[in-house]
Amino acid sequence: MKTRNIAIFASGRGSNARAILEKETVYNYHVALIIVSNPKAAVLHLAKENNRPFLILDKKNFQDTSEILETLKGHQIDLICLAGFLWKVPPYLIQSFPDKIINIHPALLPKYSGKGMYGIHVHKAVVSSQETTSGITIHLVNEEYDKGRILHQETIQLNESETAQSLADRILVLEHKWFPQVIGAFITT
Ligand code: GRF
């Protein structure tokens, strides 16, 4: 079967991007492009280390024009994976990749979603609400923030002594295990 090309969109340290790259041959996809919203993001080093084409976005250009579609087309991208991408995905991009954009969220959607709910803020909210469980959600992206079809969820129990940081650490391990696997399974459907 033809290896499908994916583009990773990321804004920060890029640990999920790394996990996705490391599992390319296991799940038969190819990271053909890495797109970053922040020129200082560590994920940029990952692109350079692995000799992958990358693009640094300009916010206004990204939201107001569809120039990026040419780049995605040029790299024959089949699927977009948002791995810690902090900007809103503009409607033209969602319409051009219907059911072809996947996001990972470090909580059990629909809980703890929406504006401001990213990174450690999510885990602080979960712990301060005295939840007994949390987890990860891998879902399709549509025009409603964090509301696309859920592809996969994994749940963990919170410990008595759980802190936002300990929860973040445990959840990250789950993300690295499941995101590449779900991408690999979804891309063949
Ligand atoms: C992850 O927790 C992911 O769930 C969220 O952003 C974080 C990105 O972390 N969407 P990293 O940059 O992949 O290390």
Side-chain angles (χ1 to χ4, degrees), residues 6-24 27 29 31 33-50 52 54-57 62 79-90 93-94 97 100-128 131 133-156 158 162-184 186:
I6 69 174
I8 298 177
F9 282 50
S11 303
R13 76 189 150 180
S15 70
N16 276 283
R18 184 176 293 280
I20 293 167
L21 259 168
E22 283 172 358
K23 293 286 165 59
E24 275 183 326
Y27 298 120
Y29 53 69
V31 178
L33 183 63
I34 297 182
I35 296 195
V36 303
S37 63
N38 170 3
K40 296 198 178 125
V43 67
L44 208 49
H45 301 301
L46 184 74
K48 292 176 183 168
E49 269 167 33
N50 287 276
R52 299 307 162 101
F54 62 85
L55 178 72
I56 301 168
L57 293 173
F62 179 55
L79 184 74
I80 293 174
C81 301
L82 308 182
F85 184 65
L86 295 177
W87 291 356
K88 192 171 180 342
V89 179
L93 191 50
I94 294 170
F97 283 82
K100 295 286 179 217
I101 306 180
I102 301 188
N103 183 44
I104 186 159
H105 187 76
L108 295 171
L109 291 179
K111 285 179 155 186
Y112 303 101
S113 69
K115 217 170 161 42
M117 279 294 150
Y118 62 90
I120 198 73
H121 305 292
V122 176
H123 308 299
K124 280 184 178 163
V126 169
V127 170
S128 65
E131 293 283 357
T133 59
S134 189
I136 62 168
T137 305
I138 299 169
H139 65 97
L140 295 178
V141 173
N142 63 17
E143 285 173 31
E144 278 193 278
Y145 213 71
D146 287 341
K147 293 214 174 114
R149 177 157 67 89
I150 292 176
L151 300 176
H152 190 82
Q153 287 187 307
E154 283 288 315
T155 301
I156 53 170
L158 267 70
E162 200 79 61
T163 64
Q165 191 55 53
S166 67
L167 185 58
D169 295 344
R170 292 168 65 213
I171 283 190
L172 200 61
V173 174
L174 279 183
E175 294 192 44
H176 296 167
K177 174 176 178 198
W178 286 100
F179 203 14
Q181 192 168 323
V182 172
I183 291 167
F186 182 73

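When a residue number appears, it is its place in the shown sequence, counting from 1. Counting starts at 1 for both ligands and their atoms, following the listed order.
Residue contacts with ligand 1: Ile104 is placed with a nitrogen or oxygen under 3.5 Å of a nitrogen or oxygen of the ligand (distance criterion only). No N or O atom of Asn103 sits closer than 3.5 Å to an N or O atom of ligand 1.
Atoms of ligand 1 found under 4.0 Å from any heavy atom of Glu175, numbered from 1 in the order shown, are 1 (C), 2 (O), 3 (C), 4 (O).
In this structure, Ile20 and Phe179 have side chains that are in contact, with non-hydrogen atoms separated by less than 4.5 Å. Residues Tyr27 and Ile183 fail the side-chain proximity criterion, which asks for heavy atoms closer than 4.5 Å. Side-chain atoms of Trp87 and Leu57, non-hydrogen and from C-beta on, do get closer than 4.5 Å to each other.
Salt-bridge formation is detected for the pair Lys111/Glu131: a Lys NZ or Arg NE/NH1/NH2 atom is positioned less than 4.0 Å from an Asp or Glu carboxylate oxygen.
Remark: minimum distance from atom 6 (O) of ligand 1 to any protein heavy atom is reached at Gly84 CA, 3.4 Å. Protein heavy atom nearest atom 13 (O) of ligand 1, with residue, atom name and distance: Asn16 N, 2.8 Å. Regarding atom 9 (O) of ligand 1, its nearest protein heavy-atom neighbour is Arg13 NH2, 3.4 Å.
Aromatic ring pairs are classed by plane angle as parallel below 30°, tilted from 30° to 60° and perpendicular above 60°; the pair Phe85 and Phe62 is perpendicular. Classified by interplanar angle (parallel below 30°, tilted 30° to 60°, perpendicular above 60°), the ring pair His121/Tyr118 is perpendicular.
Within the set Ser11, Gly14, Ala10, the minimum heavy-atom distance to atom 12 (O) of ligand 1 is found for Gly14.
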